[in-house]
Amino acid sequence: AQFDTTLSVSSMNLKPGLRFRHRAPWKDERLSHRFVQRLQWDADDKTYATTRFDLNFRQNDDNVWRWTNRTIYGEESDGLEWRSRLALRQRRLKGTERPMALEYYTTVTGVTDPDSYVRNYRFGVLMRRQLYRDYLFVELEPAWNYRRDNFDASRDSIWSVTVRFEFALRRDLVRPRAEDGET
């Protein structure tokens, strides 16, 4: 378990906060969890709390299932804003110079106030691969959303495609595994 203070900057606003983290394997070393509780203040969103719980199941060295649940509650939130996500993460092309990671996922998001409803159902695939150099990554994420903006609105079917580029600033791109099984 770890308790620390945080400070981030967004749109020239300071966001001070407190964070508690706990992660550990369960009885079976293929099963682990992570719990994060954060209390933060923002000039726009005021005070809010974020709770996140991840449950990981390592099927084998190349396949990991992750179930993530997150809630946000604050002065400016729509009651309790929640998200639940189930994902299968896969490592592909392991023996090549530039391996690839795939993630197949489904996500459900909703709110509880003023009316309780599901805002969005989302199904997608995230493909991540090093590009050209070891420090340059590209991500391609096509997804389908079935969403509505408020309780009274009808649902819309919307496709999206997101492309991200990332520059890794660390020399060692592999996270070392801790003795207790944390990754």
Side-chain angles (χ1 to χ4, degrees), residues 1-24 32-56 64 66-87 89 100-103 105-114 118-122 124-143 145 147-150 158 160-178 180 182-183:
Q2 184 177 357
F3 181 79
D4 53 18
T5 58
T6 62
L7 181 63
S8 60
V9 178
S10 176
S11 302
M12 300 309 291
N13 289 327
L14 292 178
K15 296 180 177 184
L18 301 170
R19 179 175 59 189
F20 172 78
R21 294 182 287 179
H22 181 267
R23 36 179 167 177
S32 66
H33 75 279
R34 179 175 68 165
F35 174 79
V36 179
Q37 178 68 56
R38 180 187 300 245
L39 179 63
Q40 198 159 11
W41 182 85
D42 179 296
D44 296 328
D45 296 329
K46 307 297 180 212
T47 303
Y48 62 96
T50 304
T51 304
R52 180 175 169 157
F53 182 76
D54 297 335
L55 186 59
N56 300 300
V64 174
R66 175 175 282 176
W67 182 32
T68 300
N69 291 285
R70 185 193 75 187
T71 61
I72 298 174
Y73 185 77
E75 293 179 63
E76 300 295 322
S77 65
D78 293 332
L80 184 69
E81 298 176 1
W82 57 269
R83 178 183 75 194
S84 187
R85 177 182 173 114
L86 180 63
R89 295 176 167 193
M100 180 171 56
L102 286 176
E103 180 180 80
Y105 66 87
T106 182
T107 304
V108 180
T109 59
V111 297
T112 62
D113 193 36
V118 173
R119 278 188 177 164
N120 192 30
Y121 298 95
R122 181 179 178 103
V125 178
L126 176 69
M127 295 165 272
R128 178 180 172 91
R129 191 165 190 189
Q130 285 178 321
L131 184 70
Y132 185 63
R133 299 282 187 196
D134 290 345
Y135 56 83
L136 179 61
F137 293 85
V138 63
E139 288 184 355
L140 178 64
E141 183 180 5
N145 296 274
R147 68 180 186 201
R148 62 180 171 174
D149 294 329
N150 57 55
I158 302 197
S160 65
V161 176
T162 304
V163 178
R164 294 180 197 91
F165 293 95
E166 179 182 322
F167 294 91
L169 300 177
R170 251 178 95 174
R171 288 184 189 272
D172 180 12
L173 299 177
V174 177
R175 284 189 197 166
R177 288 186 179 226
D180 64 353
E182 289 184 29
T183 55

Check: T51 and F20 side chains under 4.5 Å, non-hydrogen atoms: no
With R83 via salt bridge (charged side-chain N to carboxylate O under 4.0 Å, His left out) - residues at least two apart: none
Heavy-atom donor-acceptor pair, Q37 side chain to T50 backbone, under 3.5 Å: yes
Test log, rule side-chain contact (heavy atoms from CB on, under 4.5 Å), inputs R19 and R38: CA-CA 4 Å; R19 179 175 59 189; R38 180 187 300 245; 3.2 Å; yes
Closest approach of N69 to S84 (non-hydrogen atoms, all atoms of both residues): OD1-OG, 2.8 Å
Nearest-0.5 Å distance, CE of residue M127 to CD of residue E139: 10.5 Å
Reported CZ-to-CZ distance for the pair R52 and R34, which is rounded to 0.5 angstrom: 4.5 Å
Taking every non-hydrogen atom, the tightest pair across D78 and V111: O-CB, 3.5 Å
Interatomic spacing from CG in D42 to CD in Q40 - rounded to 0.5 Å: 7.0 Å
Over all atoms of both residues, closest heavy-atom pair of S160 and N145: OG-ND2, 3.7 Å
Residue pair L39 / A49: nearest heavy atoms and the distance that separates them: CD1-CB, 4.3 Å
R128, CZ: over 12 other non-hydrogen atoms inside 6.0 angstrom: yes
Where T6 and L18 come nearest, the two heavy atoms and their spacing: OG1-N, 4.2 Å
Pair R23 + D54, salt bridge at N-O below 4.0 Å: no
Separation between CZ of R89 and OH of Y105, rounded to the nearest 0.5 Å: 11.5 Å
OH (Y73) with more than 12 external heavy atoms under 6.0 Å: no
Rounded distance [0.5 Å steps], CZ in R164 versus CZ in F137: 14.0 Å
Approximate separation, where rounding is to 0.5 Å, of S8 OG and L14 CG: 8.5 Å
Check: E75 side chain, T47 main-chain N or O, donor-acceptor pair, under 3.5 Å: yes
Residues R122, T109; criterion side-chain contact (heavy atoms from CB on, under 4.5 Å); working and verdict: CA-CA 9 Å; R122 181 179 178 103; T109 59; over 6 Å; no
T112 side chain to G79 backbone, donor-acceptor under 3.5 Å: no
Exam field: side chain H33 to backbone A24, donor-acceptor pair closer than 3.5 Å: yes
Y135 and F167 aromatic ring geometry - parallel, tilted or perpendicular at 30°/60° bounds: parallel
